[in-house]
Number of protein chains: 2
Amino acid sequence: MTSTPPSDRQKADGGEGLPLVGTPPQAAYGTEETEFFLPELPRPLPSAYHPNAVEIEVRSNAWVCRHLQSCFADEQALLFYLRQRAGLYGAAVSPLADERRAGDIADFYQYVTVMDDAVAGSTTSEVQARAALTRITDGFGVDSDDASPLVRAGADLWRRITPGLSPAQVRRFKESLASSLGGYADEVPHRHAGRVLDLDSYLALRVFSFGWPFVALMTEYGADVDMSDLHPTPGFERANGHAVRQMILVNDLLSWRKEHARADTMNAVAVLRHTDSLTLQDAVDTLCRLIEDEGRAYLAARDRILHGPLGTRPDVVAYFGAVDHLIGGTQAYHYLTPRYFGDGYAPDGSTSGWLSLTEPLARLRPHPATHPVDAGRRLPASR
Amino acid sequence: MTSTPPSDRQKADGGEGLPLVGTPPQAAYGTEETEFFLPELPRPLPSAYHPNAVEIEVRSNAWVCRHLQSCFADEQALLFYLRQRAGLYGAAVSPLADERRAGDIADFYQYVTVMDDAVAGSTTSEVQARAALTRITDGFGVDSDDASPLVRAGADLWRRITPGLSPAQVRRFKESLASSLGGYADEVPHRHAGRVLDLDSYLALRVFSFGWPFVALMTEYGADVDMSDLHPTPGFERANGHAVRQMILVNDLLSWRKEHARADTMNAVAVLRHTDSLTLQDAVDTLCRLIEDEGRAYLAARDRILHGPLGTRPDVVAYFGAVDHLIGGTQAYHYLTPRYFGDGYAPDGSTSGWLSLTEPLARLRPHPATHPVDAGRRLPASR
C-alpha cells in the first residue's frame, strides 16, 4: 500500500522469490553525497488544481481533526502533519471533478496518508501492524461507532464514496485497500533488511506498493466513470502501467531527500545507484530520462486507445482526461509540499535547482552549496 | 498606509488635533488576560477563492523571491514571510477577476505587505522611513533598473497594472500609495506613545491607515470597472465606509492576539477596553456586534444603490459584486493565515473557539486553557 500523496515511506522488499541484488552497505548508495541538481522535468501533461482547492484543503483538514486527531501523539504532531498539506493532494489530482467528490477524494488520500504515518512507525511489529490493518479494513463497509478512529473514519469514507460506485467498483474499492494494507503488513519483517532490487523487479513491486488499485478507483470516482471491465485489457494495462511508473519515479526523485535520510533502499535512486554503480547525480539524470520515457509511453498508449474504437466512448475519454490530470497534478504537487523539502518549506515556484540532502529545510537553489563559486552552472557537487 | 492582508502593524495615533483619550498603563487594556472566546462571526457576504488560487499564490511567491528577496534579512526571514501566505490574499479578494489581474493583485498586496514589514521595524526612524517611502513612491511610474528592490518592484507593478486603468484611476493609484505611505511616515514619531483614541476617531483614522484608497482601486481593477466619478457621491461614500469599517474591525479582532503581544493601542479591542472600561471578553463581544452592524449597514447601503438608477449599470453591479467578495474573502482569509495565529499554524477549518494570547502557536480551541473543566461551555476565562 501507499501513502498518497505518493508513498514515500519504507516499501516492501518483496519477501521471498524476488531477484534481490544484494545487501550493500548503506554508504554505497549515497550517504556520502550531500546534494544533487534537479533538472527541469518534462511536463507533457496538464496540471491544475480544483477551482475550490483552498476550501477543499481546509475542509479536509477539518475532517482529519474531527476523525483522526487521536492518531497523532499530540497537537504538535497533528499540526506538523497538516503543514505538509496532504489535504491539497486530492484537489491536485481531481481538478475536473464535482466539488463534493473532490472533497471525498481529498479526505481519502489524507486517510491513507495518516494511516500510513500511524502504522509505519519503525517500532511497529508485524503482529501489531496486521492487527491494526485488519481493523482498518473492517472499517470499510462496517457502520461502527465504538471502534478505533481509523475504523470509524474508514466507515465514514465508505458511506460517502460507495453510493457513487458501481457494484464492481465497490468490490474493487474494498479489495484495493485490503490488498494494499496486506502488502504493507507483509513488508514489516523485511523493512530494515536494506536490500536493493533491480529496477524491473522494484517497479513491478512498487506499482502494488504505490496503491495503484485505489488510485485508479479514485480517478474513476472523480470522473464519474467505471473502467472495471477495461482495466484488464492489454491497452489499458499498458497505459495504466506507464502512468503509474511515471508517478512512482517522480515521487522517488522528489522524495529522495527524505528517503535518503533514513537509508531507504526502496527508491529508484537507490536502485539505480546500486545496480548500475552510478553516482548520485548520474542516478538522478538517469531517473529523469526514465520519467520522460514513461510519460511519452503513456501518451502513446493513451492515444492508441483514444484513436481506436474505444475513443468514441465519452467515459473512456473522461477517464484518460482524469489520468492526464492525475499525472500532471501529482508532479506539480511534489514541488509544493513540505513533506519532501522539510517542515517550514513554502512553495517559491522553483521546479529545478540544487537540492541539499542534509539541510533540515531545503529549497531548490540556483547554486550548489558545496561549490558556491560555480554560481548558476550546473555542476554536480560530487564531481 | 497598511499592509494588506489588512494591516496589523502599529498604526497612526494621528498626531496633533485628535481627541486622545489618554495614555493608560499597558496593563489596563489586556496584558493581564491570556485568552478570549471568539464567537462565530456572521458571514452575510459570499467568500470564494479564485479558481487558480493555488497557482496564483505560488507564482506570486516566485515574484517575491525574484524582486524582493533582498528585503529580507536572510533566507529564514523570507521563508517565515512566505509561510504567512500573504500570496493567497489576492486570490481571496478577487475570485471573479481575470487570472492575470488576480495575479497582479496578489503581487501588489504582497508588495505592500513586504514593504510594511520592511519599513515598519520598530527601530526605523522617521527620517529613514520618509527617505525609503519617497523612493518607493518614486518607483510608481519610474522605469529604473538601478534603484532599490522596492523601487524596481513598484515599477514592475506599475507597468503591469496601469495599462488596465483609466487616466483617473492611474492618478488615484499613485496618490493612493503616496498618501498611504505618507500617512505611515507621519505615524513614526507617535508609534510608541501608546495613546488610545475613542472609537469614532480611531475608525476615521484607521480607514486611511488601512489603505482603503488602493484597496478600492484594486477591487475596481479586478472587476475591470472605473468608479472614479462615483466614489465621492454620498451613496458610495456610505457603502464604502461600512465596507472598510467591517474589514478593519474583523482584522482588529483576528489580529488582536498579535497586536496585543506588542501592546498596540491602535486596535478596536484596545479602544473598546479603554474607553468603555470593558473586560477583554466584553470588548470582543462588543466588537463582534459592531462587525455585524457594519456588515448589515453595508448591505443596506449597497442595496439602496443597486435598487436605484445606478443599479442598471453593469459596471456598478460588478463593482459591488467585487466588494462583496472583498469583504467575504478578507474575513475567510483571516482564519487561514499563520500571520495571526503564529508561525506553524495550519488551517483546520475552525472559525470560532478559545484563542490564547500567550501561546506562540495558537488555534481556535473548543475549551478554554485556563478552565479546561468547563469543556465546551462558553465561559470567558476572565470571569
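Side chains are part of it too, since the values below use all heavy atoms of this structure and drop only hydrogens, waters and symmetry mates. Sequence lines set the chain letters: A, B, ... in the order given, protein chains first and strands last, and positions in each chain run from 1.
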Which atoms of [X] come close to chain B, meaning under 4.5 Å heavy atom to heavy atom: side chain ones, backbone ones, both, or neither?
| X | answer |
| --- | --- |
| A/Arg66 | neither |
| A/Gln84 | neither |
| A/Asn52 | neither |

Can you check whether B/Tyr49's main-chain N or O pairs, donor with acceptor, with A/Glu55's side chain at less than 3.5 Å?
-> yes
Identify which part of B/Ala92 has an atom lying under 4.5 Å from any heavy atom of chain A, answering side chain, backbone, both or neither.
-> neither
Can you check whether [X] reaches [Y] side chain to side chain, under 4.5 Å on heavy atoms?
| X | Y | answer |
| --- | --- | --- |
| A/Leu79 | B/Arg363 | yes |
| A/Asp348 | B/Leu78 | no |
| B/Glu57 | A/Val54 | no |

Return the option, out of A/Gly344, A/Cys65, A/Ala53, with the maximum number of heavy-atom pairs under 4.5 Å with chain B.
-> A/Gly344
Sort out for me which of A/His50, A/Gln76, A/Arg59, A/Arg365 touches chain B most, counting heavy-atom pairs under 4.5 Å.
-> A/Arg365
CA sep, side-chain torsions, deciding dist, call: A/Arg83, B/Arg83, side chain to side chain contact (heavy atoms under 4.5 Å, CB included) = CA-CA 10 Å; A/Arg83 287 196 294 270; B/Arg83 287 196 294 270; over 6 Å; no
Most contacts with chain A, counted as non-hydrogen pairs under 4.5 angstrom, among B/Ala48, B/Ser350, B/Ala346 | B/Ala346
Taking atom CD of A/Glu75 and atom CD of B/Glu359, what is their separation to the nearest 0.5 Å?
-> 7.0 Å
Taking all non-hydrogen atoms of both residues, which atom of B/Gly349 and which atom of A/Ala62 are closest, and how far apart?
-> CA-CB, 4.2 Å
